[in-house]
Every structure is written in structure tokens, then in C-alpha cells.
Amino acid sequence: MRNFTEFLLTAFSDDRMLQKLCAMLLSLIYLLALTGNLLIIVLTSTTQHLQSPLYFFLRNLSFIDVCYISVTIPNSIVNSLTSLYSISFLGCALQVFLLFVFGGTEFALLLVMSYDRYTAICHPLHYETVMHRGSCVQMVTASWLFGGLYGALHVAGTFSVHFCEARRLPQFFCEAPSLLKLACPGESALEYGLIIASCGLIFMCFIVMCVSYVNIFSTVLKIPVSKGRVKCLSTCLPHLAVVLLFVISGFVTYLAENVTTSSSMKALTSVFYTVLPPTVNPIIYSLRNQDLQAALGALIAGSMSRLSILNKM
């Protein structure tokens, strides 16, 4: 049994130039993710016609994505530039906790958003009664409480073990599965039990989402006007794509964690669930959403107009 005060993270590559290249690439991706999500937060906060429950939830989702990607990527960029890959025990525990908090909150919020779309399309006459401002705030608060509890349980389960193996993690950030591989034999039962229970819960919630969307698509197909069908689908398909991206990226990472033995490959596949969803989500929601595109156009036009006035002064 060893008492570690710090852990050593794994670099994407042993080559110094490749490390710098990875740092530049991660910096670009991080800026793209921040720009996209902050734009959605600004647009849905300042545009009058984007004050519906759908955009209230989308604003919260973008905020979670900003927090989620900020847990791992800035630290990884600094590590790649400085070639220093150590992280303190407390810093590692905080990283694990925040990943579970933001990941759990995001999944809970995606479940809430699927309920919002189900109510809006399948029960439109009751929508304003069910999805009023107070209930929306309560749902978001419940999502955060679930994420906080989820994170607390997992960080307690992960760091209740004693570590017997070397302190090097086969990952570019601290995560529970990698840490459990360093645990003494027979001490990881609690956390593995929590992980299995979490997977079961996520699977059941995913089934609920699938049932909701079966009802949604069956209702949409009954709409006689094609324009009405397109409008309904333009708000449902992005959410469904985001859910699938979130679940598939986690599944791919889980497979890589258990199939491949290469540390570099494990680190690369982890990018799928730590970087891809927060970066791609704003793009998915903006592609087919005419309201967001119109608000963005108005924001750009207003900025250009103010810039023109300033240049003339």
C-alpha cells in the first residue's frame, strides 16, 4: 500500500514537437467550444423571442458544456507546453468530482429536454401549464442536485481505496477507471458497483428518451402540413443528435478503456467524451434552428453597425 501525494498523467506523445502540436490543436478546439457555447448563452439571454423553456434549457446546457470541457483541457494544454504531467492528489480528486458532476448534470438535463419536447409536441395544450418558469427552474435545479450527488458518490467510492500500483495514470486527466487500476486488490468493489449502477440508470433513462421520441415522431407524422412537421423536427432532431453523441462518445471510450492496451490510444479516445460533445453541441443546435441563426445575424449586424458608427466618430 502506498500513500501518493501526486499522480503522473500520460502525454499524448513522447515527441516534444507532437506535444506542442497537440497543445495547439487542443487550444483551437477549446476556443471553438467556448465561442460556440458562450454565443448560445448570450443569444438566449438577450434575445426576446428566445425566452421559451427550450432555450432556457439550452442556455443551461451550454453553461454545463463550458464547465465540463474546462475541467480537463486547459490543464492538459499547460501540461503539453511545459512537459510537466504531475497533478496533486487533491487536484486529481477535484477533477474526478467535477467530471462526474458536470457529466451527470448534463445527462439529467438532456432527459429534461426530451421531456420538454415530448410535452410540446405530444401534449401542446398542456405545455404552458406544465413547462412554466417555476417548473423549468425546479427541473434544472434537480439536474444540478443529481449531478452533485452523483459526483460526491463516485469521488468517495474512487478515493476510498488504497493505491498499491505505480502512480502513473494511463490518461491525460484523472478519471475513475484509470485510478481504480492502481488500487490494491479487492478494494475497488464499491466504485465498480457504483459504475455498474450508473450504467444501469443511464441505460434506463436512455430507454425512456427512446420511448419519448417514438411518441414524438409518431405525433409529428400525423401533422397534415409539411411545414409544421419540419418545424417540429427542427427542434427535436438536434436534441436527439446531442443525446446520441453523448452516449456514443462515452461508449466508445469505455470500449477503448477495456480493449486497447496503448496509453496513447486511451488518451486519444477519451477526447471523444471530454472534448467532442461540448464542441459539437452548439453546432448541432445552430444548424437547423432558424431562430438562433436569425438572432446571431441580428447580433452580428448590430455589432457591425456600432463599429461603423465608432469609425465615423
Side-chain angles (χ1 to χ4, degrees), residues 40 43-44 49-62 64-65 103-143 146-147 197-252 254 272-273 276-278 280-295:
I40 286 182
L43 291 175
T44 55
H49 67 275
L50 298 182
Q51 301 304 312
S52 64
L54 171 65
Y55 296 108
F56 173 72
F57 294 135
L58 182 56
R59 179 162 64 248
N60 280 274
L61 180 67
S62 293
I64 293 170
D65 280 339
T105 305
E106 177 156 341
F107 189 77
L109 189 59
L110 288 173
L111 183 62
V112 168
M113 292 175 75
S114 70
Y115 176 69
D116 170 74
R117 291 298 85 205
Y118 169 77
T119 308
I121 294 172
C122 297
H123 303 283
L125 297 179
H126 299 97
Y127 183 72
E128 291 187 2
T129 304
V130 175
M131 303 302 293
H132 55 83
R133 178 72 179 180
S135 67
C136 291
V137 172
Q138 289 173 0
M139 290 178 188
V140 170
T141 303
S143 298
F146 169 78
S198 299
C199 291
L201 178 63
I202 290 171
F203 179 73
M204 287 190 294
C205 291
F206 183 68
I207 293 299
V208 171
M209 288 187 195
C210 290
V211 172
S212 298
Y213 271 97
V214 167
N215 290 321
I216 287 171
F217 289 136
S218 116
T219 302
V220 168
L221 291 174
K222 294 176 184 176
I223 298 175
V225 183
S226 60
K227 189 176 181 181
R229 289 198 295 268
V230 170
K231 185 175 181 180
C232 290
L233 290 175
S234 68
T235 61
C236 293
L237 290 179
H239 175 261
L240 185 59
V242 167
V243 171
L244 290 174
L245 177 65
F246 187 83
V247 173
I248 291 172
S249 60
F251 181 70
V252 168
Y254 173 79
F272 278 101
Y273 83 94
L276 198 61
V280 177
N281 285 355
I283 299 173
I284 292 175
Y285 273 108
S286 301
L287 280 177
R288 293 180 59 88
N289 194 306
Q290 295 181 351
D291 291 334
L292 276 176
Q293 292 173 3

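Shortest non-hydrogen contact noted between Ile216 and Ser114 is CD1-O, 4.4 Å. For the pair Phe246 and Gly103, the tightest heavy-atom approach, listed with the atom from each and the gap, is CZ-O, 3.6 Å. The two residues Phe206 and Phe107 come nearest to each other via the heavy atoms N-CZ, 4.3 Å. Looking at every heavy atom in both residues, Pro238 comes nearest to Tyr285 through CB-CD2, 3.8 Å. When every heavy atom of Pro53 is checked against every heavy atom of Met131, the shortest pair comes out as CG-O, 3.4 Å. For the residue pair Val112 and Met139, the shortest heavy atom distance occurs at CG1-SD, 3.7 Å.
For the pair Arg117 and Phe57, the cation does not sit on the ring face, since its NZ or CZ is not both under 6.0 Å from the ring centre and inside 45° of the axis.
The CD1 atom of Ile64 sits 5.0 Å away from atom CG of Leu109, with the distance rounded to the nearest 0.5 Å. Once rounded to the nearest 0.5 Å, the distance linking NE2 of His239 with CG of Leu237 reads 11.5 Å. Note that CD1 of Ile202 and CE of Met209 are 9.5 Å apart. Values are rounded to the nearest 0.5 Å. Here the CG-CE distance, from Leu54 to Met113, works out to 6.0 Å after rounding to the nearest 0.5 Å. Here Asn60 contributes atom CG and Ser143 contributes atom OG; the two are 8.5 Å apart, rounded to the nearest 0.5 Å.
Between Tyr55 and Ile40 there is no side-chain heavy-atom pair separated by less than 4.5 Å. At a threshold of 4.5 Å between non-hydrogen side-chain atoms, the residues Asn281 and Leu245 count as touching. Side-chain contact between Ser62 and Asp65 is absent, with no heavy-atom pair separated by less than 4.5 Å. Within the 4.5 Å cutoff, the side chain of Tyr213 has no heavy atoms near those of the Val243 side chain. Counting only heavy atoms from C-beta outward, the side chains of His132 and Ser135 approach each other to under 4.5 Å. Proximity of Leu240 to Phe217: side-chain heavy atoms (C-beta onward) are separated by under 4.5 Å at one or more points. Counting only heavy atoms from C-beta outward, the side chains of Val242 and Pro277 never approach each other to under 4.5 Å. Here the side chains of Asp116 and Tyr127 are in contact, with some heavy-atom distance below 4.5 Å.
If you check the side chains of Tyr118 and His123, you find a donor sitting under 3.5 Å from an acceptor.
Within 6.0 Å of atom CD in Gln51, more than 12 heavy atoms from other residues, nucleotides or ligands are found, so the atom counts as buried in its surroundings.
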Side chain to side chain contact (heavy atoms under 4.5 Å, CB included) evaluation trace for Leu61 with Leu110: CA-CA 8 Å; Leu61 180 67; Leu110 288 173; 4.3 Å; yes
